[in-house]
Participant: 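Pasting in a structure now, in C-alpha cells, and then I'll have a few things to ask.
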Amino acid sequence: MKQLMQALIDQGARLIGFVGLPPMGCLPAVITLTSPFSPRQCNESLSQIAIDFNQKLQSELKAMQTDQGPTITNIGCCGSGLIEAMFACNVGSKICPDPSKYVFFDSIHPTEATYNYIFKKMQPVID
C-alpha cells in the first residue's frame, strides 16, 4: 500500500480517501452461506478479519501521514515566501512560526526539515 500511495503522491495527488471494510460477517450473502438456517447470525470470525484490517489500515495511514515530511510546497518560510532569498531573507525578515512544515526556507533553499526528509528517504539506498 505504501508504494501505491507514494506513486499517487508522486503524480500530484494530495487528498486521498480510504474507506474501511464493513463487518464482512454480517453481509446478507455471507450470513446465507455460513448460517443458512434459523437463526441467521453474523459470522463473527469474518467480521473480526474486517476489524483487524481496518485497524492495520488506520495505523499504516497514520504512519504515512507523519512520514510525508513538509507539506507547504508553494511558498517559502521567510518573508512573503515568494521572492526573498539569501540576503533579502535576513534577521529583519518575517519568519513563519513552524519552518518544519515548509519545503523551502526562502524562495530557493530547502528547509532543514526538507533535507532531513530527503536524507531519511535516501539512507536505505546509501546504506
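Here the structure is a predicted model, which means the values were calculated and not measured.
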Participant: So does Thr34 get a backbone contact from the side chain of Asn43, meaning a donor-acceptor N/O pair under 3.5 Å?
Facilitator: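 No: the side chain of Asn43 does not pair with the backbone of Thr34.
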Participant: To the nearest 0.5 Å, tell me how far Glu112 CD sits from Phe105 CZ.
Facilitator: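 Rounded to the nearest 0.5 Å, the CD-CZ separation comes out at 10.5 Å.
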Participant: Distance check, rounded to the nearest 0.5 Å: Thr32 atom OG1 versus Phe37 atom CZ?
Facilitator: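 If I round to the nearest 0.5 Å, the distance is 10.5 Å.
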Participant: Check whether any side-chain heavy atom of Phe53 lies under 4.5 Å from a side-chain heavy atom of Leu57, and answer yes or no.
Facilitator: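 A side-chain contact under 4.5 Å exists here.
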Participant: Kindly indicate, with the supporting measurements, whether the criterion side chain to side chain contact (heavy atoms under 4.5 Å, CB included) is fulfilled by Ser100 and Thr111.
Facilitator: CA-CA 7 Å; Ser100 68; Thr111 60; over 6 Å; no
Participant: Keeping Thr114 on the side-chain end and Pro110 on the backbone end, is there a donor-acceptor pair under 3.5 Å?
Facilitator: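 Checked: no pair found.
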Participant: If we count only N and O atoms by modelled type, under 3.5 Å, do the side chains of Asp52 and Gln48 hold a donor and an acceptor together?
Facilitator: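 Their side chains do contain a donor-acceptor pair, which is all the 3.5 Å distance test asks for.
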Participant: Are Leu33 and Val30 packed together at the side-chain level, in the sense that at least one heavy-atom pair is separated by less than 4.5 angstrom?
Facilitator: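 No. Closest side-chain heavy atoms not under 4.5 Å.
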Participant: Looking at every heavy atom in both Asn54 and Gly20, which two are closest together, and how far apart are they?
Facilitator: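 Nearest pair, atom of Asn54 first, then Gly20: OD1-CA, 3.2 Å.
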Participant: Got a second to check how far Thr73's OG1 is from Tyr102's OH, nearest 0.5 Å?
Facilitator: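 If we round to the nearest 0.5 Å, Thr73:OG1 and Tyr102:OH are 11.0 Å apart.
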Participant: Rounded to the nearest 0.5 Å, how far does CG of Asp106 lie from CD1 of Ile75?
Facilitator: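 It comes to 12.5 Å.
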Participant: More than 12 heavy atoms of other residues, nucleotides or ligands under 6.0 Å from CD1 of Ile118: is that the case?
Facilitator: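 Correct, the count exceeds 12.
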Participant: Are Tyr115 and Met122 connected into the same hydrophobic cluster when the rule is that any two of I, L, V, M, F, W, Y join if their side-chain heavy atoms are below 4.5 Å apart?
Facilitator: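 Looking at the clustering, Tyr115 is in a separate group from Met122.
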Participant: Show which residues join Val103 in its hydrophobic cluster (side-chain heavy-atom contacts under 4.5 Å, direct or indirect), or state none.
Facilitator: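 Under the 4.5 Å side-chain rule, Val103 groups with Phe104.
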Participant: Output the distance between atom CD (Glu44) and atom CD1 (Ile51), rounded to the nearest 0.5 Å.
Facilitator: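 Output value for this atom pair is 7.5 Å.
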Participant: What's the spacing between Gln55 CD and Gln58 CD if we round to 0.5 Å?
Facilitator: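 With rounding to 0.5 Å, CD (Gln55) is 7.5 Å from CD (Gln58).
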Participant: Taking side-chain contact (heavy atoms from CB on, under 4.5 Å) as the criterion, tell me which of Ser93, Pro99, Ser107 meets it with Cys78.
Facilitator: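 Filter result, single survivor: Ser93.
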Participant: Could you tell me whether the side chain of Ser35 and the main chain of Ile31 form a donor-acceptor pair under 3.5 Å?
Facilitator: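 Not a single qualifying donor-acceptor pair exists.
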Participant: Considering only heavy atoms from C-beta outward, does the side chain of Cys26 approach that of Ser47 to under 4.5 Å?
Facilitator: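 In short, these two side chains touch, coming nearer than 4.5 Å.
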